[in-house]
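In what follows, a structure is listed as structure tokens, so that the remarks can point back to it.
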Amino acid sequence: MSFRTAAPFLALFMLSACGGAGDVAPPNSAPPPTSSGSAAATAASAAPDASEPAPQPALAETRSTMNPELKVEAVGLNRVKGKHLVVQLRLTNTGTRKLTWTGEMGDLTRPLGKIQWASGIGVLDAAARTWILPYKPTDSDSPCLCSDQERDGLDYFIAPGASLALYAVMPAPTGTAATTTVVTPVGPPMPDVPISDEPPVTPPGMLIPDPDAEPVTTVMREVVTPSEALDRSDETADDGKDLHVNLSSDVLFAVNKATLTPKARATLARTAKLIDSSAGPAVKVEGHADSSGTDAINEPLSASRAQAVQRALSALITRKGVGFEAKGYGSRRPLYSNDSEEGRRRNRRVTVTFARPQAVETERAATSSTSATPGGAGLKSTGKAGGQPISMEVTGLRRLPDGLGMLTYRITNEGDRAAWFNELHHSRDWMSFRHQAAANVTLTDVKARRQYLPGRLQAPTDDGRVDSYCACSDLSGVRLSTEKFGPGQAKEFWDLFALPDDVATLNVKIANFRELEVPVQERRVPVNPHRPAWSRPPA
């Protein structure tokens, strides 16, 4: 059955929604034309027909980074049967030229097939550290339970002033949260969008398919948020279930040795405090080497180093009932490419894995600061791109639920000629990602001497591997022109991070702009027993 009507359910069938006006017929199979990246120009919305119902009010909105003229509004989030979520979006062309939407709304973390599907609509389940995407019909080639331009007769172009209605059906976030963060491939996520338990209210002609009427497969991406010590002694990755602490072998041991150095004690003491904060009974300790040397050397050395770390941690932790397992893997499980010295250094590690620590969250007061605030002059920096003056302004560093945070920033071409700004994807570990993205951004907790890197979406592949995608503005595929700026054009980018607990400000470094001290915008939320405590290193 459809969620909206008691009429017999028609699998993956809906009629064209109202809105979607445009005077150009969609091509059958042509790819969407590349945007010219011209400046946004606001146009008056087309007057609605008096016979049509009033449009649904917007719950939240964002803008496309590539085409700022494309406004994306969340107009409905409905939890159905306690386990499904129906997300409805409205795309509006606020500019003066026709815009395409196909391709831009597709999920790049899986094979897209045809580009006309809105498979990239989803929500961020912060508590479970998952990026939830629309269901995929198990027995069909269709990529998702979501809007399709060809099947549903939707316009390929959105005319100036016109709108288009889209939907997606996916699993509901864990628990009974009253709000969630809506994500799309086109622009910054929309936090704190309210979820209703009432039936969806849809535009005329839109039928929402029922995922219980046929076999469906859930599509979720694990969200991993990394951080590292400024002295390079450790890297930490939180996947929502476990904490993975990668201890640098260069800090722990001398070359080709398995005896801990004096400097190793401080690093191991921090790890021991994290284990004490965890409720999990098991701790895995795994030794790893780079590709230098031979297996005859790397295998026993990595095992001996894992055992040395296990013995040291066993003596440092105070919690009872913790069991350890130590094993060496040699060079068989690299995290980074061994083609560079930096990659080899980071692959020489001992990884300690245990259940993610939990702590009670207390309600925080809203940020009040006499220093720079988002949108203020103190959070701007200037530079050059292609000979043109260019500026960057931090527009927000917002705390999301369960230890996550979202950074948004605006880059503007202040010159009179078009220019490319290609520094956003030149991050140190850009090769770790499957696609080019705005990953050249870091947050630094100066007091704790810890740096936070953009989050990663982990997508399993058919051959058993896992591909990593940046949880940030995408700069690949149909969005290759995102780093091109017309004269006077401004575009807003975003990155997802872990945020250290109880920190009022963080230093933000974006590409080659100067570092800025940015206040954290706190949330007014009720007490949450699932707040992670580990994100700020213990004193």
Side-chain angles (χ1 to χ4, degrees), residues 40 58-74 104 120 122-124 126 131 179-193 223 225 366-367 369 372-383 390-401 403-413 421 423-425 427 437-444 452-455 457 470-475 479 482-483 485 489-500 503-511 513-523:
L59 305 174
E61 71 172 67
T62 189
R63 293 275 178 159
S64 166
T65 300
M66 183 174 72
N67 294 315
E69 307 96 330
L70 181 61
K71 179 170 68 173
V72 181
E73 296 172 300
E104 273 216 73
V123 296
L124 172 62
W131 191 275
T179 65
T180 190
T181 298
V182 177
V183 296
T184 74
V186 301
M190 295 173 273
D192 298 324
V193 182
V223 178
T225 49
T367 300
S369 174
T373 57
L379 295 184
K380 294 182 179 179
S381 181
T382 58
I390 194 166
S391 66
M392 182 278 297
E393 175 187 358
V394 173
T395 56
L397 177 54
R398 179 171 182 165
R399 194 180 294 278
L400 302 178
L404 294 178
M406 181 175 68
L407 175 74
T408 54
Y409 50 100
R410 183 180 299 117
I411 295 178
T412 305
N413 180 2
F421 182 69
E423 298 299 322
L424 284 176
H425 66 268
S427 62
N440 194 7
V441 181
T442 56
L443 308 182
T444 302
Y452 295 81
L453 308 177
L457 306 180
C470 185
C472 63
S473 296
D474 183 64
L475 305 175
R479 284 172 280 276
T482 300
E483 292 178 292
F485 293 78
Q489 187 173 36
K491 298 182 179 183
E492 189 164 25
F493 298 81
W494 67 277
D495 291 78
L496 186 72
F497 293 89
L499 279 194
V503 170
T505 63
L506 289 169
N507 284 13
V508 175
K509 184 71 170 70
I510 298 172
F513 294 104
R514 68 180 175 88
E515 191 171 66
L516 302 171
E517 184 179 359
V518 179
V520 177
Q521 297 166 279
E522 301 290 356
R523 304 175 68 242

Quiz item: Under 3.5 Å, is there a donor-acceptor pair between the side chain of Lys71 and the main chain of Glu61?
Solution: no

Practice problem: Kindly indicate whether the side chain of Lys491, heavy atoms from C-beta on, has any atom under 4.5 Å from the side chain of Pro68. | Solution: yes

Quiz item: Is a side-chain donor or acceptor of Asn440 paired with a backbone partner of Glu423 at a separation under 3.5 angstrom?
Solution: yes

Exercise. Could you check if a side-chain atom of Thr179 sits within less than 4.5 angstrom of a side-chain atom of Val193, using non-hydrogen atoms only?
Key: no

Quiz item: Is a donor on one side and an acceptor on the other found under 3.5 Å between the side chain of Thr181 and the backbone of Val123?
Solution: no

Exercise. State whether the side chain of Thr62 and the backbone N or O of Pro188 hold a donor-acceptor pair below 3.5 Å, judged by distance alone.
Key: yes

Quiz prompt | Residues Arg410, Glu393; criterion salt bridge (charged side-chain N to carboxylate O under 4.0 Å, His left out); working and verdict | solution = CA-CA 5 Å; Arg410 183 180 299 117; Glu393 175 187 358; 3.4 Å; yes

Practice problem: List the atom of Thr65, the atom of Gly187, and the distance in Å for their closest heavy-atom pair. | Solution: OG1-CA, 3.9 Å

Quiz item: Side chains of Leu496 and Leu124: closer than 4.5 Å at any heavy-atom pair?
Solution: yes

Quiz item: Can you check whether Tyr409 reaches Leu424 side chain to side chain, under 4.5 Å on heavy atoms?
Solution: yes

Practice problem: Before accepting this row, confirm whether a basic side-chain N of the pair Glu522/Arg399 lies closer than 4.0 Å to the acidic partner's carboxylate O. | Solution: yes

Practice problem: For the pair Thr408 (side chain) and Gly396 (backbone), establish whether a donor and an acceptor sit closer than 3.5 Å, ignoring hydrogens and angles. | Solution: yes

Quiz item: Would you call Phe497 and Val441 a side-chain contact if the rule is heavy atoms closer than 4.5 Å?
Solution: yes

Practice problem: Report yes or no: does Thr225 contribute a side-chain atom to a donor-acceptor pair with the main-chain N or O of Gly455 at less than 3.5 Å? | Solution: no

Quiz item: Under a 4.5 Å cut-off applied to non-hydrogen side-chain atoms, are Glu483 and Leu475 in contact?
Solution: yes

Quiz item: Any side-chain heavy-atom pair from Leu379 and Pro519 closer than 4.5 angstrom?
Solution: yes

Exercise. Report yes if some heavy atom in the side chain of Leu499 is under 4.5 Å from a heavy atom in the side chain of Leu506; otherwise report no.
Key: yes

Quiz item: For the side chain of Gln521 and the backbone of Leu397, is there at least one donor-acceptor N/O pair under 3.5 Å apart?
Solution: yes

Quiz item: Going from CZ on Phe513 to NZ on Lys380, what distance comes out if it is rounded to the nearest 0.5 angstrom?
Solution: 12.5 Å

Quiz item: Name the one of Leu59, Val72, Val183 that satisfies side-chain contact (heavy atoms from CB on, under 4.5 Å) with Met190?
Solution: Val72

Quiz item: Can you tell me how far CD1 of Ile411 sits from CZ of Phe421, rounded to the nearest 0.5 angstrom?
Solution: 5.0 Å

